[in-house]
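Worksheet for the structure shown next.
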Amino acid sequence: MYLHALAIALVSLLLSSCEVDKSKSEVGLTLIPPSTITNQVKLDIRGGIRNITAKNKTYEVSFYWDEESEDAKLYEESVNVQAGKSACVKHVIPTQDKVGQHTVIMVVDDGFNTYKMQKPTHIIASDVRSTRRIDGSFVGFYHWSEQEGKMWNPIIKNLTDEQWKETVHSMNKLDMNIIVIQESFRNQKYVGDHNIEQDGYQGKAFYPSELYTGRMPIAAHDPIEAVLTQADEEGMYVFMGVGMYAWFDYTEGSLQWHKKVAKELWEKYHHHPSFYGFYVSEEGMGSLSCFEEDPAKKPVRQEEVLHFFKEFKKYVSEFAPDKPVMFAPNGWGVGEARDKYPILLQSVDIICPFAFARMPGNDMTGVEAVNLLQKFCDDANAHLWLDLEAFLFHEKEYYLVPRPIEEIKNDLHLFNNFEKVVCYQYPGVFNDPEMSVCIGEESTIQLFKDYKAYLDSLK
């Protein structure tokens, strides 16, 4: 009887050890870009592996197209990962002959456990890289400027967690299935004009943070959790906005703050399938000089940016090896950083620049700046997305108002080489007429209807 019971216990132990504890999953699969792309864009397939054991392991990694068979195998690689370390297996494929709805499958075998993951992709035929659609949007929980956000701040700060879910659902009605959370903290300071390292960080969180207990005065308890939960249900993709330390600040103090916050955000929210990547909220200039006015300090600011992203990418790759890092500078002065972008793009997966419609008079044109950035990204196998400004400034009071649909359509066709277009921003600029609350002025509802009509015309 004792031997029989022991045998049953041993079999049970062996079976349970072969099961994958998803809370401690060693693998992740990410497609860049996600969701719909054109067949002029290459698909970047990334498999992340974390060896969470105490011994070195070898993983056999295979990527498949639609089905797990030898004929459908895209790539295979054997990768050795030291104990407690991580690795990312990357494979890029052209998509000219892959139009349609497809599934990328990843199989990882460590000799004992077999992990399988899959992600959908939709490839449409086109003669340009862009889908000529708005693929997603930035989402700010409270606009940083009371003046600019005059028409929506009084309302948006009172949104409940359920109303944030409702907002995400409304975005998906327009196929805006990429969400960039603008920031997880608010701290209205600027690089070179604060004493954070001496006085301590005084910013306030939009979520229940254990690092910094100050909270922004909004009604929602945890809008990040609400957004991710609804995005999970809708099959959407969410960039976690790591920031704000201080605007345009990529100093060492900022780097260390970002590491701590990124780790907390990952530990708190990475169980959500919609957690797609990291977005560094501090923004900047296309010249990478961070709006520095002292000519002698501009090279210093550029080097700070390069160092920041090198170290930040290396750090987050330790626990999220397949997750992309995105940076959103404006398009101004790109030519001044020709020698910097090849270095930067070793550590930044996605550049998402903005303000091409507001290029300075002494700069290159918006199209010229885009083409130069595209060359930088092509040379580095990085990704170029567009941060499309879906707003205009009110001509007298300088608050943000919805941009006319014809101007938005013009940009979507003028800048047609971007892999993805993410607008700023959905809440307060677009408004679903079926929402329980109108965020912003009435014209936001008209823009929703106009863009929906444009979207339907493409189908």
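Everything numeric in this text was worked out from a predicted model, so none of it was measured.
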For [X], run the side-chain contact (heavy atoms from CB on, under 4.5 Å) check against [options] and tell me which one passes.
{"X": "Phe356", "options": "Leu386, Asp411, Thr365", "result": "Leu386"}
{"X": "Ile351", "options": "Trp385, Phe327, Phe376", "result": "Phe327"}
{"X": "Met326", "options": "Val180, Val348, Asp349, Val280", "result": "Val180"}

Work out which heavy atom in [X] is nearest to a heavy atom in [Y]; give both atom names and the distance.
{"X": "Leu412", "Y": "Leu388", "answer": "CD2-CD1, 3.8 Å"}
{"X": "Pro223", "Y": "Trp164", "answer": "CB-CD1, 3.8 Å"}
{"X": "Met435", "Y": "Ile439", "answer": "CE-CD1, 4.2 Å"}
{"X": "Thr38", "Y": "Ser130", "answer": "CG2-O, 3.2 Å"}

Regarding [X] and [Y], is there a side-chain donor-to-acceptor distance under 3.5 Å anywhere?
{"X": "Ser436", "Y": "Glu166", "answer": "yes"}
{"X": "Glu264", "Y": "Tyr207", "answer": "yes"}
{"X": "Asp249", "Y": "His194", "answer": "yes"}
{"X": "Glu252", "Y": "Gln256", "answer": "yes"}

Should the heavy atoms of other residues, nucleotides or ligands under 6.0 Å from [atom1] of [X] be counted, would the total exceed 12?
{"X": "Lys340", "atom1": "NZ", "result": "yes"}
{"X": "Glu293", "atom1": "CD", "result": "no"}
{"X": "Lys313", "atom1": "NZ", "result": "yes"}
{"X": "Lys189", "atom1": "NZ", "result": "no"}
{"X": "Lys90", "atom1": "NZ", "result": "yes"}
{"X": "Lys116", "atom1": "NZ", "result": "no"}
{"X": "Lys297", "atom1": "NZ", "result": "no"}
{"X": "Lys310", "atom1": "NZ", "result": "no"}

Completion exercise
Contacts of His221 meeting ring-ring contact (aromatic ring centres under 6.0 Å, His included) (sequence neighbours excluded), chain-then-number -> none

Practice task
Show your reasoning for whether ring-ring contact (aromatic ring centres under 6.0 Å, His included) applies to Phe354 and Tyr424.
Solution key: CA-CA 9 Å; Phe354 63 96; Tyr424 185 87; 8.8 Å; no

Handout entry: Check: His169 side chain, Lys165 main-chain N or O, donor-acceptor pair, under 3.5 Å
Key = no

Practice task
Using modelled atom types only, decide if a donor and an acceptor are shared between the side chain of Asn187 and the backbone of Ala246 within a distance under 3.5 Å.
Solution key: no

Exercise for the section: Could you tell me how the ring of Trp257 sits relative to the ring of Tyr201: parallel (under 30°), tilted (30 to 60°) or perpendicular (over 60°)? Expected result: tilted

Problem - Residue list, side chain to side chain contact (heavy atoms under 4.5 Å, CB included) with Glu146, at least two apart or on another chain - result: Tyr142, Asn153

Practice task
Would you check, one step at a time, whether the test ring-ring contact (aromatic ring centres under 6.0 Å, His included) holds for Phe185 with Tyr245?
Solution key: CA-CA 8 Å; Phe185 282 84; Tyr245 177 78; over 10 Å; no

Exercise for the section: Only one of Tyr279, Tyr276, Tyr269 passes ring pair (Phe, Tyr, Trp, His ring centres under 6.0 Å) with Phe239; say which it is. Expected result: Tyr276

Practice task
Start with the C-alpha gap between His270 and Phe275, add the side-chain angles, then the distance that decides, and say whether ring-ring contact (aromatic ring centres under 6.0 Å, His included) holds.
Solution key: CA-CA 6 Å; His270 83 274; Phe275 192 131; 7.7 Å; no

Closer than 4.0 angstrom, basic N to acidic O: yes or no for [X] and [Y]?
{"X": "Glu267", "Y": "Lys263", "result": "yes"}
{"X": "Asp379", "Y": "Lys375", "result": "yes"}
{"X": "Lys57", "Y": "Glu26", "result": "yes"}
{"X": "Asp175", "Y": "Arg133", "result": "no"}
{"X": "Arg301", "Y": "Glu292", "result": "yes"}

Problem - Steps toward side chain to side chain contact (heavy atoms under 4.5 Å, CB included) verdict (Phe393, Glu148) - result: CA-CA 8 Å; Phe393 291 99; Glu148 288 189 10; 3.7 Å; yes

